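See below for the structure under consideration.
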Amino acid sequence: MKNGRNNEFLDRRTAATDARAALLASHRAAQAAAEPLRAAKQAERIATASAREERRLERERVKLDEINRIETEAAERQGAAFAAAQAEQAARKTAETARLTRVIEDEAARKAERDRRYANRKARQV
C-alpha cells in the first residue's frame, strides 16, 4: 500500500515509454515500407532534372545557332553592301573619266574648228 501511488506513476511511465517505443517502431516500419517509393520518387526527380537540363542545353544550342546565323547574315549583307559601294564608286569614277575625256575631246575639236576657220580667213585675206 505504501507504493500504491508510485505504482500508478510507474505504470503510467511504463505505459508512456511503451507507447513511445511503439510509436518509434511504427515510424521506423513506415519509413522502411516507404523506402522503395522514396527511392522511386528520387529516381524520377533525377530523371526529370536531367531531362530539364537537356532541354535547357538544347535551347541554348538553338539560341547560339540563331545568333551565329544572324551574325553570318549580317556579315554577308555588310560585305555585299561594301562590294556594291565599291562597284558604285568605280562606276562613278569611270563615268567621270569618260565625261572628262569627252570634254577634252570637245575642246580639242572646237579648237581645231576655230583654227581651221582662222586659217581659212587668213587664206582669204592674203
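Computed from a predicted structure; not experimentally measured. Note that the numbering runs from 1 along the sequence shown for the chain.
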Exercise answer: donor-acceptor pairs, residues 119-126 side-chain atoms, under 3.5 Å, sequence neighbours excluded:
none

- Does atom CD of Glu44 have more than 12 heavy-atom neighbours from other groups under 6.0 Å away? no
- Message: What I want to find out is whether Glu96 reaches Lys93 closely enough, with some N-O distance under 4.0 Å, to be called a salt bridge.
- Response: no
- Message: Would you say that more than 12 heavy atoms from the other residues, nucleotides or ligands in this model lie under 6.0 Å from the CD of Gln89, or not?
- Response: no
- Item | Euclidean distance, Arg12 CZ relative to Glu8 CD, rounded to 0.5 Å | 7.0 Å
- Query: How long is the span from the CD atom in Glu54 to the CZ atom in Arg56, to the nearest 0.5 Å?
  - Reply: 11.0 Å
- Item | Any residue meeting salt bridge (Lys or Arg N to Asp or Glu O under 4.0 Å) with Arg69, in chain and number order, not counting sequence neighbours | Glu66, Glu73
- Taking Ser50 for the side chain and Ile46 for the main chain, is one N or O donor matched with an acceptor at less than 3.5 Å? no
- Residues that Arg59 engages under salt bridge (Lys or Arg N to Asp or Glu O under 4.0 Å), provided they are two or more places apart: none
- Answer yes or no: is there a side-chain heavy-atom contact under 4.5 Å between Leu24 and Arg28? yes
- Rounded to the nearest 0.5 Å, how far does OG1 of Thr17 lie from CG of Leu10? 10.0 Å
- Message: Closer than 4.0 angstrom, basic N to acidic O: yes or no for Glu105 and Arg102?
- Response: no
- Message: Between Arg116 and Glu113 (salt bridge meaning N to carboxylate O under 4.0 Å), is one present in this structure?
- Response: yes
- Say you draw a straight line from CG of Asp18 to CG of Asp11; how long is it, rounded to the nearest 0.5 Å? 10.5 Å
- Item | Glu107/Arg110 ion pair, N-O < 4.0 Å | yes
- Kindly indicate whether the side chain of Gln31, heavy atoms from C-beta on, has any atom under 4.5 Å from the side chain of Glu35. no
- CD1/Ile70 to CG/Asp65 distance, rounded to the nearest 0.5 angstrom? 11.0 Å
- Query: Is the shortest heavy-atom distance from the side chain of Lys41 to the side chain of Arg38 under 4.5 Å?
  - Reply: no
- Item | From CG (Asp106) to CZ (Arg99), nearest 0.5 Å | 11.0 Å
